[in-house]
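Worksheet: one structure, shown below.
These numbers come from the heavy atoms of this one structure, side chains and all, not from hydrogens, waters or symmetry mates. This one's a predicted model, so the numbers in the text were calculated from it and none came from an experiment. Residues: numbered from 1 along the sequence shown.
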Amino acid sequence: MRAALLMFASAMAFGLMAIAIRYATGHVPTQEVAFFRNGFGLLALLPVLLRPGHGSLRTQQLPRYFLRSAIGLASMLCGFWAIGHLPLSQAISLSYSTPLFVTIAAVLWLGEKVRVRRWAAVIAGFIGVLVIVRPGVSGFQAGSLIAVAAAMLSALVAIQIKQLTRVDGPDTVVFYTYVFWVPLSLVPALFVWVWPSLTGWLWLVATGVLGTVGQLFWTRALKLGEVSALTPISFTQLPLVVTLGWLLFGEVLDGWTVAGALIILGSNAYIAHREAVLARRAAPHAACTSGKLDG
C-alpha cells in the first residue's frame, strides 16, 4: 500500500510539473525552463540528501554521470518543448513510449534476451505511437516527432541508470545527475536568456520542486514494490494532465490520441508484467548458483 501511494504521489507530482512547464514556457524559452527546473530541483533535493544520518554520496562513476546527464538534458529539452507546444494529452501519451525503446536498447546495449511475447507488446506499443502521430495524414504534426525523440533519449538514460545503480544507490544517482544538469543546462539557456516576471519565477520554482518530489517518490516506490504492480498506477498522470489541459487551456481530447494512448499503456503494463515474472523466475536460480559458489 505504501509503494502504491508513493507511486500515485509521484504521478500527481509529474502531472502537475507538466502543467507548470506549460505555464513557464509562456514566460521564458524552453532552454531556460530546463535550467531553472534543474537549479530549483537541486535546491529542493539538497535538504533530503544532506540531512544527518543520510548515507555517503561518493561515487567512482563521474564520467558515466556526465554522459547520462548530457543525454538526459537532450531528452528533457525535447520533452519540455513538446509539453509547451503540443496538446498536453499528446505530449504525455508519447512520453509513455519510453519503455518500448528501453526494451530495444536493453537488447542492443546490455545483451538482454527478449522473447516473442515481449516483442509483440513492443510492436503493439509502436502501433499506438503511429496512431497518435499519424504520419502522412492531415492530422500529422512534425512537432510530435520531437516528443518521440524525447522518449528515445529517455530510454538511453534508463539503460544508463540501470548500469549506475549496480554500484551506486538511487539517491546518489539523482544527486550527481542534478550536479551535472545545472551547468550543462545553463549553456543553451544563456543563448536565449530572458529574465522571468514574478509569475514566471513562481512557475519555474514549481517546475523544479515538483520534478524533484516526483523523482524521490518514484525511486522510493520502486524500492518498495514490484514494477508490474506499480506501472499501471503511474498511468494516472495521463487523466490528470488531460483534465487540467481541458480546464486550464481549453484543449479538446483527440480520439486518435485516446486510442493510441490506450495501446501504449497496455503494452507498457504487459512489458512490466513480463519483466517481473522473469525476475521472479531468475531469483531462485541465482540463489542456487550463489550457494554452489559459496560452497
Side-chain angles (χ1 to χ4, degrees), residues 7-8 10-26 30 75-104 117-155 158 210 214 227-274:
M7 183 58 78
F8 179 74
S10 172
M12 295 301 99
F14 283 133
L16 292 174
M17 184 188 74
I19 301 301
I21 290 170
R22 168 61 71 87
Y23 277 118
T25 52
T30 301
S75 174
M76 181 184 296
L77 290 172
C78 290
F80 282 17
W81 186 93
I83 290 173
H85 296 83
L86 295 176
L88 285 169
S89 58
Q90 187 179 102
I92 299 301
S93 296
L94 290 173
S95 74
Y96 277 113
S97 65
T98 294
L100 311 178
F101 294 107
V102 169
T103 302
I104 296 173
R117 280 184 284 184
R118 270 201 290 173
W119 277 125
V122 169
I123 293 171
F126 280 121
I127 291 173
V129 172
L130 291 174
V131 169
I132 295 175
V133 175
R134 283 170 286 163
V137 301
S138 58
F140 171 70
Q141 296 184 60
S144 61
L145 298 180
I146 296 179
V148 175
M152 293 175 62
L153 292 167
S154 184
L210 289 167
V227 175
S228 58
L230 296 175
T231 296
I233 299 174
S234 71
F235 298 159
T236 56
Q237 176 189 355
L238 185 56
L240 172 68
V241 171
V242 168
T243 302
L244 292 178
W246 172 62
L247 291 174
L248 300 175
F249 308 109
E251 294 183 356
V252 179
L253 189 58
D254 184 284
W256 290 101
T257 300
V258 173
L262 290 175
I263 296 171
I264 293 172
L265 298 183
S267 172
N268 283 352
Y270 184 77
I271 290 171
H273 167 71
R274 288 300 303 165

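- A distance of 3.5 Å separates CD1 in Ile21 from CZ in Phe80, rounded to the nearest 0.5 Å.
- What you find for Ser10 and Gly214 is that their closest heavy atoms are OG-O, 3.0 Å.
- Around the CZ atom of Phe235, the shell of radius 6.0 Å holds more than 12 heavy atoms that belong to other residues, nucleotides or ligands.
- To the nearest 0.5 Å, atom OG1 of residue Thr236 and atom CE of residue Met7 are 9.5 Å apart.
- Applying the ring-ring contact (aromatic ring centres under 6.0 Å, His included) test to Phe126 and every residue at least two apart in sequence or in another chain returns Phe101.
- Listed by first and then second residue, the salt bridge (charged side-chain N to carboxylate O under 4.0 Å, His left out) pairs involving residues 78-91 amount to none (not counting sequence neighbours).
- The structure places SG of Cys78 at 12.5 Å from CG of Leu94, a figure rounded to the nearest 0.5 Å.
- One distance of note links CZ of Phe14 with CD1 of Ile19; it measures 14.5 Å at 0.5 Å rounding.
- In this structure, His85 and Ile146 have side chains that are not in contact, with every pair of non-hydrogen atoms separated by 4.5 Å or more.
- Taking every heavy atom of both residues into account, Ala158 and Val102 meet most closely at CB-CG2, 3.8 Å.
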Quiz item: For Thr25 and Ile83, what are the C-alpha separation, side-chain angles and deciding distance, and is it a side chain to side chain contact (heavy atoms under 4.5 Å, CB included)?
Solution: CA-CA 9 Å; Thr25 52; Ile83 290 173; over 6 Å; no

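- Annotation: salt bridge (charged side-chain N to carboxylate O under 4.0 Å, His left out) contacts involving residues 75-90, sequence neighbours excluded, are absent.
- Closest non-hydrogen pair, Ile92 versus Ala18, comes out as CD1-CB, 4.1 Å.
- Looking only at distances, a side-chain donor or acceptor of Thr103 sits under 3.5 Å from a matching main-chain atom of Pro99.
- Going from atom CG of Leu244 over to atom OG of Ser89 covers 12.0 Å, rounded to the nearest 0.5 Å.
- The side-chain hydrogen bond (donor to acceptor under 3.5 Å, both in side chains) contacts involving residues 242-262 comprise Arg22-Glu251, where partners must be two or more places apart or lie in separate chains.
- Residues satisfying the ring-ring contact (aromatic ring centres under 6.0 Å, His included) criterion with Tyr23, sequence neighbours excluded, are Trp203, Phe249.
- We find the CD1-CE distance between Ile233 and Met12 to be 10.5 Å, quoted to the nearest 0.5 Å.
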Only distances under 3.5 Å count here; give the side-chain donor-acceptor pairs of residues 261-269 to other protein atoms, sequence neighbours excluded, each with its distance to 0.1 Å.
| from | atom 1 | to | atom 2 | distance (Å) |
| --- | --- | --- | --- | --- |
| Ser267 | OG | Ala121 | O | 2.4 |
| Asn268 | ND2 | Tyr96 | O | 2.6 |

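- Closest approach of Ser95 to Ala151, counting heavy atoms only: O-CB, 4.4 Å.
- When every heavy atom of Gly15 is checked against every heavy atom of Leu240, the shortest pair comes out as CA-CD2, 4.1 Å.
- Pairing each heavy atom of Ser144 with each of Gln90, the nearest pair is CB-OE1, 3.6 Å.
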